[in-house]
Protein chains: 2
Amino acid sequence: MSSAASSPAPRRTGRPRSPEADRAILDATRAALVELGWGKLTMGDVAARAGVAKTTLYRRWAHKSELVVDAVAALFDEHLELPDRGSLQADIEGVVLQFAALLERPETKTALMAVVAESTRDDALRERIRGAIVDRQKRLVLLGRERAQERGELPREEDPSAAARTADLIFDVIAGAVVHRTLVSAEPVGPEWAREFAVMLVAGLGAGLRR
Amino acid sequence: MSSAASSPAPRRTGRPRSPEADRAILDATRAALVELGWGKLTMGDVAARAGVAKTTLYRRWAHKSELVVDAVAALFDEHLELPDRGSLQADIEGVVLQFAALLERPETKTALMAVVAESTRDDALRERIRGAIVDRQKRLVLLGRERAQERGELPREEDPSAAARTADLIFDVIAGAVVHRTLVSAEPVGPEWAREFAVMLVAGLGAGLRR
DNA sequence: GCAGTTACGCTACGGCTCGTAGCGTAAGAG
DNA sequence: CTCTTACGCTACGAGCCGTAGCGTAACTGC
């Protein structure tokens, strides 16, 4: 969650913000993304769908991109997890298929790249994306590595900074490959692709760390 | 090149389109991307910068996204090549650094994700991006693999469809990782990162194909 | 209860961008 | 020298943005 404000004062006096309006707006945003896509989505349209005044919308989100980040982040919260599938390769295949399924959704597909594009010129937006989406994905990588180390599939790296760099590398490789395959190459990510990718990555990790 | 029209009839009668205007518009587009970014770039502004009437602009490009694709594609033409660096790993490092340098440019950084985002709802735009940008990148992958096979670093795959799938996989991994690192993680791609990435990928390729 | 504070819905607005139309003029082709 | 197309210019309706102003609703603290 953590819609708009959660910083210092949780607001103690006056009429509280309506949680129904929050939900209605985020739902309406996702519906609008599906029907119209990022480019044609307008604040006025979202407000109308949500049965809410436009001013109510602007009280919560200053810009379209922030609203969309929050709307999409909820999907990531719901649909990203990493059950133990028994091996590093199986875990990678699982998370790849899960992430790909998220990107196949029309809401996510049209919105994710757009907000990332805007974030290249907006530091606050980039931080919002990081906190709401990216960091949660990265946690899966850290968890998967921890499990693999417990299984003895990956060595434990002593140098913490090197370990962090490796985790970042793995994260960029996994997330980047899935995003590129789905959105740039516009090809589906099926079980075969996930398998081939995971095979390659596991082999690369083993060799790279065995140096 | 291949700016706007190159389809059937190269237009034989009447006043020809001004090549100076073409160049001026594309230059102005890149300049506007640097100063304003994708989001605030407007057709009117580009026309003014180029010293050209807005109507002249709309005669060539129907939408902002198509104009920007052509403007950015020229950069890819100029700055992407694959000199033989002697080994597969060195070739990968080289192309990664080259691609990353392109993505670090403010024009490219702000524009590339934006047009890809729009292309998820616009098939014509996706084809334009593919022809102007993606296919040229992919050629480097094919060239690099060919060289590696001549050096004996990679086996030759008999099944052509499997070979094509492998090439697509490699392409998505390389391009995706660099894009994700640069635009989502917002971390620089330096020689160390390129080395670690290339080491991992080469190891993964060797093992994956050795099955 | 009652005052204080904040959220809400509604309306209206100026400002900006879009994409097009209409005109007179410029530049090549036959 | 005519035909055809490109060009610059101006003007325009349409749509969206983000805000202001108002009266009303909801909740807190005295």
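Residue numbers start from 1 in every chain, and the chains themselves are labelled A, B, ... in the order their sequence lines are given, proteins ahead of strands.
- Within the structure, a side-chain polar atom (N or O) of Arg17(A) is placed less than 4.0 Å from OP1 or OP2 of dA7(C).
- Looking at Asp168(B) and Arg165(B), no side-chain N of the basic residue comes within less than 4.0 Å of a carboxylate O on the acidic one, giving no salt bridge.
- Remark: the Arg15(B) side chain and the dA6(D) base include a donor-acceptor N/O pair separated by less than 3.5 Å.
- Under 4.0 angstrom from either OP1 or OP2 of dG9(C) there lies at least one side-chain N or O belonging to Thr56(A).
- Picking from dT4(D), dC18(C), dC17(D) the nucleotide with the shortest atom distance to the side chain of Met43(B) gives dC18(C).
- Both tests hold for Lys64(B) against Trp38(B): distance to the six-membered ring centre under 6.0 Å, angle to the ring axis within 45°.
- Side-chain atoms of Lys54(A) and base atoms of dG18(D) include a donor and an acceptor less than 3.5 Å apart.
- Between the CD atom of Glu66(B) and the P atom of dG19(C) there is a distance of 10 Å, given to the nearest Å.
- The distance from atom CG of Leu41(B) to atom C1' of dC16(C) is 15 Å, rounded to the nearest whole Å.
- With distances taken from any side-chain atom of Thr42(B) to the nucleotides dG28(C), dG9(C), dC18(C), the minimum falls on dC18(C).
- Note: CG (Leu67(A)) to C1' (dC17(D)) measures 14 Å, nearest angstrom.
- If you measure from atom CZ of Arg59(A) to atom P of dG18(D), you get 16 Å, rounded to the nearest angstrom.
- Side-chain N/O atoms of His63(B) include none lying less than 4.0 angstrom from OP1 or OP2 on dC18(C).
- Sequence order on DNA chain C of the closest nucleotides to Ser18(A) and Tyr58(B) puts Ser18(A) first from the 5' end.
- Here Lys64(A) lies out of heavy-atom contact (under 4.0 Å) with every strand.
- By the 4.0 Å N-to-carboxylate-O rule, Asp27(B) lies close enough to Arg30(B) to be salt-bridged with it.
- Separating the CD atom of Glu118(B) from the C1' atom of dC18(C) is a distance of 14 Å, rounded to the nearest angstrom.
- Rounded to an integer number of Å, the gap from CD of Glu20(A) to P of dA26(D) is 11 Å.
- Remark: Arg60(A) is in phosphate contact with dC8(C), judged by side-chain N or O atoms under 4.0 Å from OP1 or OP2.
- Computed from coordinates, the Asp45(B) CG to dG19(C) P distance equals 15 Å when rounded to whole Å.
- Classification of Arg17(B) and Asp22(B) as a salt-bridged pair fails, no side-chain N sitting under 4.0 Å from a carboxylate O.
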Practice task
Check the pair Glu157(B) / Arg145(B) against salt bridge (Lys or Arg N to Asp or Glu O under 4.0 Å), numbers first and verdict last.
Solution key: CA-CA 11 Å; Glu157(B) 298 178 82; Arg145(B) 176 171 68 171; 3.5 Å; yes
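- Atom-to-atom, CG of Leu57(A) to P of dA7(C) comes out at 15 Å; the value is rounded to the nearest Å.
- Comparing Gly44(A) and Thr55(A) against DNA chain D, the residue whose closest nucleotide sits nearer the 5' end is Gly44(A).
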